[in-house]
Amino acid sequence: MEDYAVRVENVSKWFKAHEVRRSGSFVTKLLRKTYFKHALRDVSFDIKQGEIVALLGRNGSGKSTLIKILSGILHADSGKVSVLGLEPWTERIELAQQLGVVLGAHGQLFWNLPAVDAFEYMRGVYNIGQEEYRRRLRYFLKTLDLEHVYSRQVRTMSLGEQMKCNFVASVLHNPKIVFLDEPTIGVDLPSKIALRKTVAELQAKYKTTFILTTHIVEDIGIAQRVILLSRGKMVFDDTRLKLEAMFGDKRHVELHMAEPNHINFGRYGKVLKRGETTVVMEVSKNVLKTKNFLALLNRKEILDYRVAEPGLNFILNKFYAKLDREKR
Amino acid sequence: MFKTIDRYLAVLVIGFKQQLAYKKDYFLTLGFRIFASFIMVAVWTAVYLNSDVTSIGGFTLPQMYLYFFLINAIAISSFNEPISENIQDDIQSGTVTTALVKPVAYTAQIFLNSLGNNIFAGLAVTLPFLALIVLIGHLALSIQAIAFFLIEMALSFTVSTFIFFMIGTLAVYLTNIWGIIAVTESLYMLLGGGVVPLSLLPSWANNILALLPMQLSLYLPAATLLGMASTGEILQSILVGLVWAVPLFALSVLVWNRVRGKITSVGG
């Protein structure tokens with residue numbers, strides 16, 4: 001058994017895309033402009049068995065294309081891909097038995113049928129033994145609080161319940177690799193936590209590899225590693241902690257004042273938000289200890305203050321802004 | 001081997017269950033089909049009453065009534081038009097991606113799923129409707145007629161599956177193929193004897209239609225149950241169906257091999 005779950009070497013993918021012309025005569029507007037879109041450019045990385053990797057990037061950065069290539073739905077135009085030692089698009093059926101794919105809210109479910117019918121369907125399609133099926137289903141229903149939901153018609157479920165059932169349907173057969181595309185959209189907070197916990201448990205117990213695409217920052221917390229795509233190119237591949245440390249010299253300082261005043265906060269750092277009696281600033285770590293800044297905190301107009309490390313949200317936003325600047 | 005059968009069975013069962021969710025729709029369909037038959041009854045009554053003949057194309061008026069009742073009973077389960085709609089829906093809604101990550105070939109999924117649908121339609125509409133016709137119309141059925149009827153239905157389903165499968169694959173290029181499906185279905189009805197019994201047509205047209213597989217779907221099963229098709233005619237049509245099945249299957253495989261790489265679904 002090879003140690004790597006996924007190996008991607010110099011993968012590129014183009015798409016033929018169409019665009020409607022917005023200017024010109026009536027006839028030219030009717031004719032679409034065809035162009036080639038570079039969805040992935042020379043992407044390379046390895047993922048070891050049992051890793052949880054967050055695949056991040058803005059809309060249209062190539063995440064879904066990459067997931068579709070890894071699961072054998074699309075083929076790469078150049079480069080090599082090996083998933084569990086198989087080439088996904090030529091050995092799709094063999095690979096499918098060992099893959100779990102969560103796409104959208106109810107992709108694995110049947111709109112007019114209860115979720116349990118979809119689970120039964122998975123049992124048949126993936127040849128799960130009766131005993132194992134019951135044991136795993138019991139476990140998922142309990143941990144994800146679905147015991148009172150799973151025998152109801154999918155269309156009567158809330159979005160969050162659909163997402164959870166969809167997740168269960170995708171992992172019932174104990175896949176070696178799971179692709180999760182936005183797994184927690186519309187899911188309430190306790191369920192989000194339960195989903196993340198389940199992912200962590202599956203990883204610890206079965207060494208399941210998870211590749212996760214998400215725009216929800218808290219989800220990224222379960223990943224040890226982050227791969228960032230921008231316009232089809234890989235721009236970051238390292239641990240989550242490294243990403244968090246990238247802009248780590250900044251702190252967010254929140255000040256509360258008794259009444260509106262004219263203090264020039266711009267002197268100390270970038271003002272992110274200014275209300276009548278509150279200010280949020282981004283301040284360099286070394287400015288925090290300067291006499292000037294300490295004097296500011298000690299001024300009688302300042303009632304209270306809070307210093308916090310910037311969240312992943314902020315860091316990603318900075319990162320994207322940096323990429324935009326570089327592009328220009 | 002058993003594992004593969006289990007997989008296929010699961011797909012078949014889910015196709016059946018999905019239709020089970022539309023139970024009420026099937027009662028409506030049954031009602032609508034009976035109503036539609038009465039429209040043809042009215043039309044043909046007018047035709048017979050305004051002409052001097054007692055038989056048109058070998059059909060007396062009561063036989064004509066029974067013919068159209070039978071056509072309406074059979075049409076819902078004898079040809080596999082839903083398979084094209086299913087492919088179109090899969091591509092439009094993006095569920096094709098979920099289907100493509102299952103350890104069962106997409107072609108097998110789409111075929112078995114529609115087989116499940118059709119078996120349900122057969123049991124929910126065709127069977128009760130046929131029972132009504134047999135009881136009310138005092139239709140005397142021989143074992144041989146029933147056996148031929150079932151063979152014709154199975155063969156018709158198989159051949160039409162290949163045709164409508166290929167129509168469905170057009171969705172990969174065109175996304176919305178509703179119009180094409182509707183036209184093909186109408187052609188199927190026309191060439192299969194769903195609009196007028198084929199025996200009414202001039203002999204040259206009949207000679208051409210006898211070489212096409214469409215009559216297996218409507219005219220022939222109805223004529224078989226009515227006892228109006230000779231054994232020779234039935235066997236010849238079955239042979240024609242079998243001869244069509246082979247190249248249509250090969251063509252479907254060819255078309256699918258060309259198309260499969262192009263499937264990406266909308267939004268992906």
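The chains referred to below are lettered A, B, ... by the order of the sequence lines, with proteins before strands, and numbering in each begins at 1.
- Heavy-atom pairs under 4.5 Å with chain B peak, among A/Phe179, A/Tyr126, A/Trp89, at A/Tyr126.
- A/Arg134 pairs by the salt bridge (Lys or Arg N to Asp or Glu O under 4.0 Å) definition with nothing, not counting sequence neighbours.
- By number of non-hydrogen pairs under 4.5 angstrom with chain A, the leading residue of B/Val104, B/Ile14, B/Leu20 is B/Ile14.
- Using a 4.5 Å cut-off between heavy atoms, B/Leu100 touches chain A through backbone and side chain atoms alike.
- Side chains of B/Leu115 and B/Tyr8 form no contact here, defined as non-hydrogen atoms less than 4.5 Å apart.
- When side chains are defined from C-beta on, A/Leu40 counts as touching A/Ile69, because their heavy atoms get closer than 4.5 Å.
- Contact annotation for A/Leu99: neither backbone nor side-chain heavy atoms come within less than 4.5 Å of a heavy atom of chain B.
- With a threshold of 4.5 angstrom between heavy atoms, A/Val101 approaches chain B through side-chain atoms but not through N, CA, C or O.
- Using a 4.5 Å heavy-atom threshold, the side chains of A/Val154 and A/Leu113 count as separate.
- Residues forming a salt bridge (Lys or Arg N to Asp or Glu O under 4.0 Å) with B/Glu85 (at least two apart in sequence, or on another chain): none.
- If you measure heavy-atom distances from B/Val13 to chain A, you find no contacts under 4.5 Å at all.
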